[in-house]
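Written out below as structure tokens is the structure these notes cover.
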4 protein chains.
Amino acid sequence: MSAQTPAKPDVTKEDAILRESVRVFAREGFRGTDVQEIANRAGVGKGTVYRYFGDKQTLFWASAYWVLEQLHGRLASASSPADGAIAKLRASCRAYAEFFVENPDYLEIFVLDRAEFRGRAPERHQELHERMVCEFAEIVEQGMASGELRRGDPRAVVWSLGSALYGSVVFATYSKQQQSITELAECATEIFLRGILS
Amino acid sequence: MSAQTPAKPDVTKEDAILRESVRVFAREGFRGTDVQEIANRAGVGKGTVYRYFGDKQTLFWASAYWVLEQLHGRLASASSPADGAIAKLRASCRAYAEFFVENPDYLEIFVLDRAEFRGRAPERHQELHERMVCEFAEIVEQGMASGELRRGDPRAVVWSLGSALYGSVVFATYSKQQQSITELAECATEIFLRGILS
Amino acid sequence: MSAQTPAKPDVTKEDAILRESVRVFAREGFRGTDVQEIANRAGVGKGTVYRYFGDKQTLFWASAYWVLEQLHGRLASASSPADGAIAKLRASCRAYAEFFVENPDYLEIFVLDRAEFRGRAPERHQELHERMVCEFAEIVEQGMASGELRRGDPRAVVWSLGSALYGSVVFATYSKQQQSITELAECATEIFLRGILS
Amino acid sequence: MSAQTPAKPDVTKEDAILRESVRVFAREGFRGTDVQEIANRAGVGKGTVYRYFGDKQTLFWASAYWVLEQLHGRLASASSPADGAIAKLRASCRAYAEFFVENPDYLEIFVLDRAEFRGRAPERHQELHERMVCEFAEIVEQGMASGELRRGDPRAVVWSLGSALYGSVVFATYSKQQQSITELAECATEIFLRGILS
DNA sequence: AATGAATGAGCATTCATTCAT
DNA sequence: TATGAATGAATGCTCATTCAT
């Protein structure tokens with residue numbers, strides 16, 4: 001249609017670019033990334049990257065969205081088989097941590113997104129984010145209904161959990177003692193469930 | 001003596017540079033910041049900035065350290081008058097949130113530090129960070145001793161709280177509904193104390 | 001493939017850059033040269049200069065090599081038609097002087113090369129230099145064989161001649177009386193051949 | 001008198017500055033030299049360097065003049081005790097080579113002077129240079145009168161010898177085989193005396 | 001459609017020189 | 001008189017983006 005979005009996107013190429021984008025952005029940061037390097041790694045010309053994604057920022061957002069989608073899928077398939085709200089939440093938390101342990105680059109993408117763009121991402125991102133919040137709010141709501149969880153604003157609970165998990169994995173970099181992200185996140189999860197009061 | 005680190009640092013000038021550094025870095029990001037702009041705002045020559053701080057990265061770290069010190073002072077003076085571990089923690093959490101509400105730039109500095117340098121900051125930073133962890137661990141320990149808090153690894157508890165608060169304030173940017181950072185952090189704090197289980 | 005060394009070098013452009021390089025370096029010195037000026041004169045963007053030559057030093061070396069090649073060609077075509085070792089040497093000496101009289105810039109390039117880099121030039125230069133020494137050593141050797149020249153180490157003789165000529169043309173700048181480079185070099189050549197002893 | 005030339009020049013300080021100037025200029029080149037480094041090494045403030053020498057270029061010229069004076073003295077004391085023109089010249093040539101072997105920095109100063117300033121040095125330099133030419137021309141003249149040397153223009157002979165020696169020592173840098181400057185200069189001297197013809 | 005050569009705005013850093021103390 | 005803090009012009013090099021092929 002427009003020249004910005006090729007009529008017949010070659011999904012293979014697009015995917016290769018995206019995949020390498022994530023790697024390079026994660027390693028070099030947004031400003032530190034040379035689009036040429038992404039093109040080289042993806043085995044395409046620099047012009048092709050621009051043909052597919054328009055500009056560097058759009059490319060970054062596409063990468064970030066791609067990562068967000070992966071995370072969404074991962075959380076969904078982790079929670080759905082579990083039985084009961086608590087089990088679902090526990091499974092999701094574990095999946096969240098594992099996701100970033102397996103793909104440290106993805107974590108950096110989230111960090112960069114926050115640092116560079118502060119939530120000024122396109123509608124699409126916010127929609128997906130919102131969708132995730134809703135899905136978990138539903139779980140929490142059911143937990144409240146069934147009596148597993150204390151009553152309260154489900155969205156607020158979800159937001160707190162999300163923030164705590166995000167903080168755990170992002171903050172883990174600062175940990176000197178080699179506690180794995182997984183351990184840190186698990187600890188956070190437990191506290192999240194039971195609190196620290198006696 | 002090298003001219004890099006002035007023998008008689010003009011504290012007024014140094015402070016002006018630091019203050020503007022924080023503002024500009026926060027707004028433009030690390031790579032996006034033109035040192036010239038800091039110099040202009042601080043009312044000094046660009047050479048003076050380099051004379052005082054050596055290079056851009058060192059300047060950033062000095063800014064980040066400066067912010068960290070402020071936060072440390074703020075948390076200390078918030079918690080010390082409070083009575084009992086729980087009260088101390090609550091007061092600290094509130095102070096943490098207020099600190100960033102009052103100085104949104106400071107939050108961005110923390111975010112940039114994580115994004116750009118991933119904990120590769122100079123020793124000094126890590127020492128101060130460690131000191132803060134210890135101070136809070138002590139509070140938690142006393143809370144456990146007095147029976148206010150459930151028994152557990154105090155450092156792990158502190159780390160979880162720190163991560164959760166960090167996550168709350170950093171993540172708040174993504175919140176569409178205008179929930180203030182304060183509200184989000186307060187909610188996180190309550191859950192942190194009591195958990196979500198019924 | 002890196003974009004640093006263009007796959008299809010545009011010889012016209014490359015040559016234009018090289019030609020202007022020599023002029024500007026000769027006039028301004030190595031450090032005094034602003035690559036932007038070379039780009040402007042060559043009618044290309046600054047980025048293009050860097051694309052073709054990588055950095056300022058490499059550009060300088062390319063210029064110096066280019067000059068050395070010219071000199072080599074000039075000496076070769078001057079000596080080859082002459083008959084006998086002495087005639088060949090005389091012709092070469094004259095050509096050497098004329099070369100620099102016609103292209104004073106080239107002389108400055110040699111001077112700068114010595115001043116700035118002290119023989120730390122890339123292999124290629126040293127190889128060409130060595131080749132020139134060998135070619136002349138051969139001439140000297142034949143002169144010795146034919147009895148035209150006194151016996152001795154041909155390479156040492158060549159090196160002495162080279163040094164003397166180099167000294168003549170470089171040193172000529174200091175001459176107040178407007179003796180031309182040509183005259184100075186010719187005088188040096190004659191002494192070189194016959195000595196000053198009676 | 002003027003502020004440029006301090007009324008009571010502290011000869012010790014002046015000398016220290018000059019001595020370090022030579023070292024630093026020789027190592028770093030003219031443009032590459034940071035006046036601060038000279039000041040540091042000389043143990044004075046940067047302002048003092050400027051007070052004594054006015055500006056960087058003047059400082060360089062003073063250094064070059066200082067070196068030229070040393071060379072002049074060395075050549076004079078080498079030639080005067082020798083008997084006969086040839087002996088005087090031989091002794092001078094040897095002294096010339098030894099001078100630069102002992103003080104490689106001095107050689108670089110000469111090279112830099114030629115590269116950077118092309119004989120645009122102040123009157124004083126040219127006078128001393130001229131004086132040296134005259135002194136040697138006298139020796140040559142006497143050699144011609146006594147029949148030791150072939151008749152010719154004594155100044156031209158001196159100039160040729162000077163150029164050849166200069167060329168020898170300067171060009172020596174390019175010599176791969178580790179022939180010492182001394183050997184190269186001696187070889188040049190012999191050829192200069194007897195020529196290469198059989 | 002795909003490419004990659006060309007461009008030039010942009011920025012970190014240096015250093016000669018000045019001048020207030 | 002001696003100093004060294006302050007300055008800002010100067011310059012090497014990068015890289016997002018364009019566009020002719």
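Chain identifiers are assigned alphabetically (A, B, ...) following the order of the sequence lines, protein sequences preceding nucleic acid strands; residue numbering begins at 1 within each chain. Nothing here was measured: the structure is a model prediction, and the numbers come from that model.
Taking atom NZ of residue D/Lys46 and atom P of nucleotide E/dC15, one finds them 9 Å apart after rounding to whole Å. Rounded to an integer number of Å, the gap from CZ of B/Phe60 to P of E/dA12 is 14 Å. Computed from coordinates, the C/Asp34 CG to F/dA9 P distance equals 16 Å when rounded to whole Å. Going from atom NZ of C/Lys13 over to atom C1' of E/dG4 covers 12 Å, rounded to whole Å. Between the C1' atom of F/dA5 and the CD1 atom of B/Ile17 lies a distance of 12 Å, rounded to the nearest Å. With rounding to whole Å, D/Arg31 atom CZ is found 11 Å from F/dG12 atom P. Rounded to an integer number of Å, the gap from C/Leu59 CG to F/dC13 C1' is 13 Å. The distance between atom CD of B/Gln36 and atom C1' of E/dA9, rounded to the nearest whole Å, is 16 Å.
The partner of E/dA6 is F/dT17, by the rule that a Watson-Crick or G-U pair needs both atom distances under 3.5 Å. Across all strands shown, nothing is found opposite E/dA1 as a Watson-Crick or G-U wobble partner with both distances under 3.5 Å.
Among the nucleotides F/dA16, E/dA16, F/dG12, the one closest to the side chain of D/Val35 is E/dA16. Side-chain atoms of B/Asp10 lie closest to F/dA6 of the nucleotides E/dA16, F/dC13, F/dA6. Of all nucleotides listed (F/dT3, E/dC11, F/dA16), F/dT3 comes nearest to the side chain of D/Val44.
For F/dT3, the OP1/OP2 oxygens have no side-chain nitrogen or oxygen of D/Arg51 closer than 4.0 Å. In this structure, C/Tyr52 reaches the E/dA6 phosphate: one of its side-chain N or O atoms is under 4.0 Å from OP1 or OP2. The phosphate of E/dT13 (OP1 or OP2) has no side-chain N or O of B/Lys56 nearer than 4.0 angstrom.
Each of C/Thr48 and B/Phe30 lies near DNA chain E, and the nucleotide nearest C/Thr48 is the one positioned closer to the 5' end. Mapping B/Gly47 and C/Thr33 onto DNA chain F via the closest heavy atom, the residue that lands nearer the 5' end is B/Gly47. Taking for each of B/Asp55 and D/Gln57 the nucleotide of DNA chain E with the nearest heavy atom, the 5'-most of the two is the partner of B/Asp55.
Within the cation-pi definition used here (under 6.0 Å to the ring centroid, within 45° of the axis), B/Lys56 qualifies as a partner of B/Phe30.
Ring geometry for C/Phe117 against C/Trp61 counts as tilted: the plane angle lies between 30° and 60°, on a 0 to 90° scale.
Expressed to the nearest 0.5 Å, how far CH2 of A/Trp66 lies from CG of A/Asp15 amounts to 6.5 Å. For the atom pair CZ (D/Arg114) and OG1 (C/Thr173), the distance works out to 3.0 Å, reported to the nearest 0.5 Å.
Taking the charged nitrogens against the carboxylate oxygens, C/Glu127 and C/Arg124 have no contact shorter than 4.0 Å, which rules out a salt bridge.
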